[in-house]
Amino acid sequence: MSFPLLTATAALPAIGAIATAAVPAARRTAAKWLALVVSLATLVLAGVVFARFEPGGDRYQLTESHAWIKDFGVRYELGVDGIGVALLALTALLIPFVILAGWHDADPLETNSSRWRPTQGFFALILMVEAMVILSFVATDVFLFYILFEAMLIPMYFLIGGFGDRAHSGSDENAAAQRSYAAVKFLLYNLAGGLIMLAAVIGLYVVAGSFSLSEIAEARANGSLDMATSTERWLFLGFFFAFAVKAPLWPLHTWLPNAMGEATTPVAVLITAVVDKVGTFAMLRFCLQLFPEASKWATPVILVLALISIVYGALLAVGQRDIKRLIAYASISHFGFIVLGIFAMTSQGQSGATLYMVNHGISTAALMLVAGFLITRRGSRLIADYGGVQKVAPVLAGTFLIGGLATLSLPGLAPFVSEFLVLVGTFSAYPVAGIIATVGIVLAALYVLVLYQRTMTGPVREGIGGMPDLKVRELAVALPLIALLIFLGVFPKPLTEVVDPAVQHTMHDVQKKDPQPEVEAVK
């Protein structure tokens, strides 16, 4: 292509971030509108990428390749496959809702605030995260991906540590301390994973002589690259550890509840619905494609970790008293399903895992953002402080219920399709794992319905009676997400026809075929 469409899609929010940060301190509203317009324009470009992508065409499309650091063989190399284009579209879709939902979250509390620019910084950081995530989904140079994988930690650190949840139950000093702890824990966990990955990236270059995915794949195909078994396994572990931290997979998950609990609600959505998807996406693109034999070798252990994540996350969600932490632990359980589908190494499992990434992003955004509107009204994250909300704010309660039902994968809503495919794909290859995973479905119904019962039904508690229903801006956030959950729940074809060919490429990489059902001959 003569026009670098992928670069433009990532560059637009990056330029928008700089422009938003440069808006004068007193023009906070202008900064908000600028960020929103940029995010909508990015969504349009992402729509063009999605429309231009041909599911039956080359594996990587809309490719770009330019020399970057010649001495080290690093190239600025981009290309999008079916999995990447689905997640790129998800990212571009969610950011406008994140911005709208956080419209007032970064407004300064001081009366005379013309000297400060927290609002500009908040929205600029969101756009910068969007740019890095989009570029990470289309980077086909391993070193370029690593730079983006690590760089996105910086704006996320400031979003968590600098813009905390104002519905904190403790004192301002205690809130600041917990926010700082959550931000540092997020940074240290992910930096540790990134440093281990860096060693693996260097090792890969020493062995393969290139950072290019296409060159490494070609070398594998023609037999000129033959990694020793032990080398491939060590390199796989270095990559997988970093991705498991980002995912987050048990036992490397403990940073997520702190980060989501202390961040503002839109930033919590940014963490779990957008940024964390980079980890599971990278398992498909890099672990399975670069290290197919090591991926099969590690599968039994990874499946066990995924099952623990599913059950452990759901059990802790059942026992939570904090709404945001409940959703955080539910997300840990859902990421367990995604990893389970990836390493079941069946076409149904991997298609389901990719759809799960998209559908989880939409459903979690819907539930968490509506929960954020609820928390903002009451000023508390504790479930015990709510009750009878549906009597005074029926639209808020209704949207909250639909978001919750999507989270528990109710048939007719988008996550059901993906969870069903993951379970079918897993059961066909690993029946015991498939059976254990169904425990997560039962527990999901428990924590979602109990949460709704305690917050929305029963007598109207003190402090709830005057609660207003959703306003126009909030409806503009909630209703499109719910409509999309319903649409993809009854008609997932727009995603499946894009994702399935990419999954077949991945299955070819690991040289796996779907298990054939055993049918006894009729006598």
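Just so you know, these numbers use all the heavy atoms, side chains as well, and skip hydrogens, waters and symmetry mates.
- One distance of note links NZ of K185 with CG of L256; it measures 10.0 Å at 0.5 Å rounding.
- Side-chain contact between L270 and I95: present, with at least one pair of heavy atoms (C-beta onward) separated by less than 4.5 Å.
- Two residues are said to be in side-chain contact when any heavy atoms from C-beta on lie closer than 4.5 Å; M152 and V278 meet this criterion.
- You'll find the ring centres of F186 and W255 inside the 6.0 Å limit.
- One distance of note links CD1 of I134 with CG of L90; it measures 10.5 Å at 0.5 Å rounding.
- M260 CE to I332 CD1: the interatomic distance, rounded to the nearest 0.5 Å, is 9.0 Å.
- A donor-acceptor contact shorter than 3.5 Å is absent between the side chain of S180 and the backbone of A177.
- Scanning all heavy atoms of the two residues, the minimum distance from A92 to P96 falls at O-CD, 3.1 Å.
- More than 12 heavy atoms of other residues, nucleotides or ligands lie within 6.0 Å of CH2 in W68, so this atom counts as buried by the packing criterion.
- Ring geometry for F343 versus F240: interplanar angle over 60°, hence perpendicular rather than tilted (30 to 60°).
- With D141 contributing its side chain and F143 its backbone, the two residues share a donor-acceptor pair below 3.5 Å.
- Between the side chain of S309 and the main chain of L249, no donor-acceptor pair closer than 3.5 Å is present.
- A 4.5 Å side-chain heavy-atom check between I362 and F97 finds every atom pair outside the cut-off.
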Q: Could you go through the side-chain hydrogen bond (donor to acceptor under 3.5 Å, both in side chains) check for T280 and Y356 one step at a time?
A: CA-CA 10 Å; T280 46; Y356 215 130; over 6 Å; no
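- Ring planes of F400 and Y452: parallel class, angle under 30° (limits at 30 and 60°).
- Put simply, the side chain of T272 does not reach to within 4.5 Å of the side chain of I327, judged on heavy atoms.
- You'll find the side chain of F239 reaches within 4.5 Å of the side chain of V201, heavy atoms only.
- Ring geometry, H334 versus H360: the interplanar angle exceeds 60°, so the pair is classed perpendicular (tilted spans 30 to 60°).
- Taking 4.5 Å as the limit, every side-chain heavy atom of Y447 sits out of range of all side-chain heavy atoms of Q320.
- F123 pairs by the ring-ring contact (aromatic ring centres under 6.0 Å, His included) definition with nothing, not counting sequence neighbours.
- Going from atom CZ of F236 over to atom CZ of F291 covers 9.0 Å, rounded to the nearest 0.5 Å.
- The side-chain heavy atoms of S363 and L413, taken from C-beta on, include no pair separated by under 4.5 Å.
- One finds the CD1 atom of I147 at 10.5 Å from the CE atom of M132 (value rounded to the nearest 0.5 Å).
- Ring geometry, Y329 versus Y312: the interplanar angle exceeds 60°, so the pair is classed perpendicular (tilted spans 30 to 60°).
- Dense packing is recorded around OH of Y76, with more than 12 heavy atoms of other residues, nucleotides or ligands lying under 6.0 Å away.
- Among pairs with a residue in residues 426-441, none fulfils side chain to side chain donor-acceptor pair (under 3.5 Å), at least two apart in sequence or across chains.
- What you find for L307 and A433 is that their closest heavy atoms are CD2-O, 3.4 Å.
- Under the side chain to side chain donor-acceptor pair (under 3.5 Å) criterion, the residue pairs touching residues 189-206 are Y189-T254, with sequence neighbours excluded.
- If you look at F335 and H253, their ring centroids are not closer than 6.0 Å.
- The aromatic ring centroids of F149 and F243 lie less than 6.0 Å from each other.
- Without hydrogens or angle criteria, N359 side chain to A414 main chain gives a donor-acceptor distance under 3.5 Å.
- Here the CE-OG1 distance, from M345 to T299, works out to 3.5 Å after rounding to the nearest 0.5 Å.
- Of all the heavy atoms in A200 and G238, the pair that sits closest is CB-CA, 3.9 Å.
- Using cut-offs of 30° and 60° on the angle between ring planes, the pair F137 and F281 is perpendicular.
- Side-chain N or O atoms of T140 include none that pairs as donor or acceptor with a backbone N or O of L213 at under 3.5 Å.
- Judged by distance alone, with hydrogens and angles left aside, the side-chain atoms of E130 form no donor-acceptor pair with the main-chain N or O of S39 at under 3.5 Å.
- Using modelled atom types and a 3.5 Å distance limit, the side chains of S214 and S212 yield a donor-acceptor pair.
- Side-chain N or O atoms of R285 include one that pairs as donor or acceptor with a backbone N or O of A139 at under 3.5 Å.
- At a threshold of 4.5 Å between non-hydrogen side-chain atoms, the residues E232 and P292 count as touching.
- Closest approach of I441 and L423 over heavy atoms only: CD1-CD1, 3.2 Å.
- Counting only distance, with no hydrogens or angles, the side chain of K324 and the backbone of A263 share a donor-acceptor pair below 3.5 Å.
- For the side chain to side chain contact (heavy atoms under 4.5 Å, CB included) test with Q350, the passing option among D500, L355, V422, L284 is L284; the others fail.
- The two residues A242 and M197 have their closest heavy-atom pair at CB-CB, 3.6 Å.
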